[in-house]
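Please read all numbers here as calculations on a predicted model, not as lab measurements. Chain identifiers are assigned alphabetically (A, B, ...) following the order of the sequence lines, protein sequences preceding nucleic acid strands; residue numbering begins at 1 within each chain.
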Amino acid sequence: MLSGWMQLGPPALAGFLASSVECVEALTIILAVGSTRGWREALSGAVAALAVLIAVVGLFRNALQRIPLELLQLFVGGLLVVFGLRWLKKAILRSAGVIPLHDEAAAFAAEKRRMGSENVSPGWDVVAFAAAFQIAMLEGAEVVFIVLGIGAGGSGLIAAASAGAIAALVVTAAIGIIVHRPLANVPENLLKFIVGILLSAFGTFWFGEGSGISWPGHEWSLAGLTLGYWLVALAAIRLCRVTRSGFDAALPETAR
Amino acid sequence: MSWANATLKVIWALFVDDAAFAALLVGWLALTGWFAAIGLNSSLDGALLFCGLGLILVHGALRRTRSR
């Protein structure tokens, strides 16, 4: 059994950081929709998606409590490993310059252009509502999975991860209301890098617990896994940079 | 039906953007889970699980870098 800060701190932190990334991305699109088509539909779409997601968490939470803990840890841990390492791989590739960084200002401008080119129907603007609902559902679904995945380790963890996610939502919404523009200065890739490491560590730990692996130091193995993934990711960034510069040097001048 | 397909595609995309990478991860999880179930190398199962996943991560990132 996890105890003390090890029980609530890491799940709440992982929930907060992961949700912050998703909330920033959703906020960008909702701001673009609201400033182009009107705030009533943009906010209604986001709130409707939020209500659906809260209902989904409630349903899953009850269902998850009926599944034996080992089986739940095995299944959700495995999914969390695939999900977390996918995030971490992307963050590594962005840090190494292989793929471009996510640009909130560019995403905001693109969504404004897209919304501006759609016809505005009189009355209720279905396009604006659907756009806000869709982005909030899409980003929110990732948050729901992260909260449920982190919470798979035992009772109380879903509450801690949920608290982290709600705090991220409140903080992002408050900043969005104050600054009224996309949060382009948030170090999004650094957040994704940290979240990828945390999710991969949690997933590996839960999968191991579920499959009967005896972790040395029990819950302290989580800290070891986090450190281990961090070192592996740093090494991967370095290797990708070296490989990339080798490829760039081998290219003819005209192809660069 | 198209709504269900779209939902499934979104859920699939949450986990898989590189099918080979995801397949390697799932394969390694299955193998180490099986090792743990039959009690093989029980003191090293955790290290084996982590090292394999770490190697797949590095391999996946390098493969993507080379295919750029």
Visitor: Quick one: CZ on F50(B) to OG on S221(A), what's the gap to the nearest 0.5 Å?
Guide: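 Going from CZ on F50(B) over to OG on S221(A), the span is 11.5 Å.
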Visitor: Measure the shortest side-chain to side-chain distance between L85(A) and I56(B) over non-hydrogen atoms and say whether it is less than 4.5 angstrom.
Guide: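 No. Closest side-chain heavy atoms not under 4.5 Å.
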Visitor: Please classify the contact of L62(B) with chain A as side chain, backbone, both or neither, using a heavy-atom distance under 4.5 Å.
Guide: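 Interface part for L62(B): both.
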Visitor: Drop me the distance from T32(B)'s OG1 to F207(A)'s CZ, to the nearest 0.5 angstrom.
Guide: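 Going from the OG1 atom of T32(B) to the CZ atom of F207(A) covers 5.0 Å.
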Visitor: Go through the steps to decide whether I213(A) and F35(B) satisfy the test side chain to side chain contact (heavy atoms under 4.5 Å, CB included), and finish with yes or no.
Guide: CA-CA 9 Å; I213(A) 287 175; F35(B) 283 166; over 6 Å; no
Visitor: Please state whether the side chain, the backbone, both or neither of L239(A) comes within less than 4.5 Å of a heavy atom of chain B.
Guide: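 Both the backbone and the side chain of L239(A) come within 4.5 Å of chain B.
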Visitor: Could you check L29(B) against L74(A) for side chain to side chain contact (heavy atoms under 4.5 Å, CB included), going step by step and ending with a plain yes or no?
Guide: CA-CA 10 Å; L29(B) 289 173; L74(A) 190 72; over 6 Å; no
Visitor: Quick check on W28(B): does its CH2 atom have over 12 non-hydrogen neighbours (other residues, nucleotides or ligands) under 6.0 Å away?
Guide: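 Atom CH2 in W28(B) is packed in, count exceeds 12.
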Visitor: So how far is it from L25(B) CG to F83(A) CZ, rounded to the nearest 0.5 Å?
Guide: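 Going from CG on L25(B) over to CZ on F83(A), the span is 13.5 Å.
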Visitor: Chain B heavy atoms under 4.5 Å from L225(A): which part of the residue, side chain, backbone, both or neither?
Guide: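 For L225(A), heavy atoms of backbone and side chain both lie under 4.5 Å from chain B.
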Visitor: Does the side chain of D17(B) come within less than 4.5 Å of K90(A)'s, by heavy atoms?
Guide: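 K90(A) vs D17(B): side chains touch.
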Visitor: Any non-hydrogen side-chain atom of R86(A) less than 4.5 Å from a side-chain atom of V16(B)?
Guide: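 R86(A) vs V16(B): side chains apart.
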Visitor: Could you check which of I92(A), L93(A), L88(A) has the highest count of heavy-atom pairs closer than 4.5 Å to chain B?
Guide: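 Option with the greatest count: L93(A).
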Visitor: Most heavy-atom pairs under 4.5 angstrom with chain A, which of A30(B), A47(B), G60(B), C51(B)?
Guide: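 Option with the top pair count is G60(B).
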Visitor: Please classify the contact of F15(B) with chain A as side chain, backbone, both or neither, using a heavy-atom distance under 4.5 Å.
Guide: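 Answer is both: backbone and side chain atoms of F15(B) are under 4.5 Å from chain A.
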Visitor: Return the minimal non-hydrogen interatomic distance between G33(B) and S211(A), and the atom names on each side.
Guide: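 Between these two residues, the closest heavy atoms are CA-CB, 4.1 Å.
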Visitor: Got L53(B) and V232(A) here, is their nearest side-chain heavy-atom distance under 4.5 Å?
Guide: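 No - every pair of side-chain heavy atoms lies 4.5 Å or more apart.
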Visitor: Measure the spacing between SG of C240(A) and CZ of R66(B) and express it to the nearest 0.5 Å.
Guide: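 If I round to the nearest 0.5 Å, the distance is 8.5 Å.
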Visitor: Where on L231(A) is there a heavy atom nearer than 4.5 Å to chain B: the side chain, the backbone, both, or neither?
Guide: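 Interface part for L231(A): neither.
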